[in-house]
Amino acid sequence: MVLSNNDGCVVARSREAKALGIKMGVPVFQIRDQIRQQGIAVFSSNYALYADMSQRVMSLLEALAPRVEVYSIDEAFLDLSGVGNVVALDRFGREVKAKVEQWTGIPVCIGIAPTKTLAKLANHAAKQYPATGGVVDLTAKTRQHKLLRLMPVNEVWGIGRQLTRKLDALGIKSAYDLAQANLKTLRRSFSVVVERTARELNGESCLDLETVQAAKQQIICSRSFGERVTDKATLKEAVCSYTARAAEKLRSESQYTKAITVFIRTGMFNPNEPQYSNSATAVLPIPTGDTRDLTQVAVVLLDHLWREGYRYIKAGVMLSDFYAPGVYQPELFKPGQERPNAKSLMTVMDTINHSGKGKVWFAGQGVNPAWIMKRGRLSPAYTTRWNDLLKVR
DNA sequence: TCTGGGGTCCTAGGACCC
DNA sequence: TCTGGGGTCCTAGGACCC
């Protein structure tokens with residue numbers, strides 16, 4: 001199984017781990033004995049590895065289908081319009097699955113249907129029932145109905161815990177019940193989102209394939225600390241680091257931000273410990289992508305937030321109110337000024353930091369931080385670091 | 001005493017997703 | 001003792017406009 005950041009909770013489990021009754025999201029310390037007794041293999045999360053393997057799978061999918069929406073690190077929607085005229089969709093799905101497995105070693109499941117919501121449900125079935133061979137084609141109405149009756153409504157994409165509870169009270173228990181429900185009632189009792197979900201279950205496509213990724217509206221960088229932080233200087237290092245990371249993400253999006261929020265908090269699980277959680281936001285005079293501008297404001301915000309005498313467990317930085325380059329309309333009477341060469345300096349920093357030859361950072365971020373998150377069981381970055389290359393003997 | 005109709009923008013809170 | 005991180009969308013309500 002794989003752990004969350006800071007080696008805190010279980011966030012992914014193999015079939016075997018699930019069979020042993022390991023639940024999603026449990027804190028590791030609660031099942032320490034079980035892990036030892038049953039010899040469960042435990043790994044810290046390794047985002048460098050996952051991102052690289054994801055890219056390999058996605059680029060392969062893009063070669064196999066004309067239009068692809070990369071929906072998340074491990075999911076994609078493929079437009080199969082017209083494909084059915086050339087080859088049976090079920091067979092096409094099996095070919096894609098085989099090719100991905102052969103070229104990347106990643107096992108995938110495939111669901112095929114006229115709408116995204118039905119495709120997700122088909123995928124779920126492909127994953128759940130080994131007899132399908134990992135591919136389910138839901139093109140035929142009769143097969144759609146069969147599966148809808150089988151699936152509890154909480155398995156439907158877009159129906160979470162709260163909606164499941166409310167739908168249950170209305171007697172809507174299966175995906176089929178939701179598909180049959182009155183659209184006007186759904187709209188009135190819930191929202192347009194639930195109405196769309198019901199329409200999609202009926203084969204009416206309401207959600208388009210989004211092949212170009214939309215620009216982000218906010219960027220967050222937040223982390224729990226490896227150990228509790230009790231002094232301001234250390235907390236400041238963390239906030240400076242998170243600010244730098246958020247700014248880096250912002251620049252990789254080619255955007256500029258006009259608002260920054262800093263938050264800090266103590267742990268919430270120990271009722272005997274004094275708790276404190278707070279956030280503060282500042283608006284910048286002009287949009288910026290310069291780490292120096294953002295850091296300058298972030299440390300002032302931290303000054304406002306800081307309270308002595310607490311054991312802090314987490315801090316975070318959020319950027320919002322974004323502008324594309326050249327879009328912002330400055331004020332007439334007090335136009336802000338970008339620092340000279342701001343863009344060049346940031347580009348140089350980002351380039352060095354991505355070159356693999358070394359790192360540069362701001363002094364405020366500190367060196368050898370004590371607060372850095374725990375990753376005690378990290379697997380090698382097999383595909384992105386020379387020293388970690390897989391050895392075949 | 002009686003008080004219209006049609007809009008936009010912003011924010012907080014709630015819900016969902018991976 | 002130890003409990004993750006990063007996003008989006010929708011709606012209601014308040015404030016404002018003509």
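Letters go in sequence order (proteins before strands), and every chain restarts at 1. Hydrogens, waters and symmetry mates play no part in the numbers below; they use all other heavy atoms, side chains included. These figures come from a predicted structure and were not determined experimentally.
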Would you jot down, in residue-number order, the residues of residues 173-185 of chain A having a non-hydrogen atom under 4.0 Å from DNA chain C? none

Would you say A:Arg307 has more than 12 foreign heavy atoms packed within less than 6.0 Å of its CZ? yes

What contact category does A:Val192 fall into here, base, sugar-phosphate, or nothing, at under 4.0 angstrom with non-hydrogen atoms? sugar-phosphate

Looking for any heavy atom pair under 4.0 Å, which part of the strands does A:Gln218 touch: base, sugar-phosphate only, or nothing? base

Please determine if A:Arg91 and A:Glu95 form a salt bridge, counting it only when a charged side-chain N lies under 4.0 Å from a carboxylate O. yes

Could you tell me whether A:Leu3 contacts a base, only the sugar-phosphate backbone, or nothing, with contacts defined as non-hydrogen atoms closer than 4.0 Å? nothing

With a non-hydrogen cut-off below 4.0 angstrom, is A:Lys120 in contact with a base, only sugar-phosphate, or nothing? sugar-phosphate

A:Arg94 CZ: over 12 foreign heavy atoms closer than 6.0 Å: yes

Are more than 12 heavy atoms, taken from residues, nucleotides or ligands other than A:Lys127, located less than 6.0 Å from that residue's NZ atom? no

Do any of residues 219-254 of chain A sit with a heavy atom less than 4.0 Å from DNA chain C, and if so which? A:Ile219, A:Ile220, A:Cys221, A:Ser222, A:Arg223, A:Ser224, A:Arg228, A:Lys249

Given a 3.5 Å cut-off on both pairing distances, which stems involving DNA chain B, each at least three consecutive Watson-Crick or G-U pairs, are present, if any? B:5-18 with C:5-18

Quick check: are there more than 12 heavy atoms from other residues, nucleotides or ligands sitting under 6.0 Å from NZ of A:Lys97? yes

Under 4.0 angstrom, heavy atoms only, what part of the nucleic acid is A:Phe190 near: base, sugar-phosphate, or nothing? nothing

Would you find more than 12 non-hydrogen atoms of other residues, nucleotides or ligands less than 6.0 Å from A:Arg339 atom CZ? yes

Please say whether more than 12 non-hydrogen atoms of neighbouring residues, nucleotides or ligands are located less than 6.0 Å from NZ in A:Lys146. no

Does NZ or CZ of A:Lys116 fall inside the cone over A:Phe77's six-membered ring, less than 6.0 Å from its centre and within 45° of the axis? yes

For the residue pair A:Pro114 and A:Gln144, establish whether any side-chain heavy-atom pair is separated by less than 4.5 Å. yes

Name the nucleic acid region contacted by A:Arg311, choosing base, sugar-phosphate or nothing; use a 4.0 angstrom heavy-atom cut-off, strictly under. sugar-phosphate

For a 4.0 angstrom threshold against heavy atoms of chain A, report the outermost contacting nucleotides of DNA chain B in 5' to 3' order. B:dA15 to B:dC18

With the threshold set at 4.0 Å, does a side-chain nitrogen-carboxylate oxygen contact exist between A:Glu195 and A:Arg199? yes

What do you reckon, is NZ of A:Lys343 surrounded by more than 12 foreign heavy atoms closer than 6.0 Å? no

Identify, between A:Ala215 and A:Asn270, the residue whose nearest nucleotide on DNA chain C lies closer to the 5' end. A:Asn270

Tell me, which pairs form a salt bridge (charged side-chain N to carboxylate O under 4.0 Å, His left out) where one or both residues lie in residues 209-231 of chain A, sequence neighbours left out? none

Base, sugar-phosphate or nothing for A:Asp74? Non-hydrogen atoms, less than 4.0 Å. sugar-phosphate

Salt bridge check: are A:Asp33 and A:Arg36 linked by an N-O gap of less than 4.0 Å? yes

What residue pairs, at least two apart or across chains, pass ring pair (Phe, Tyr, Trp, His ring centres under 6.0 Å) with a residue in residues 291-311 of chain A? A:Tyr276-A:Tyr310, A:Trp306-A:Tyr312

Find which nucleotide of DNA chain C each of A:Val193 and A:Lys216 is nearest to by heavy atoms, and output the residue with the more 5' nucleotide. A:Lys216

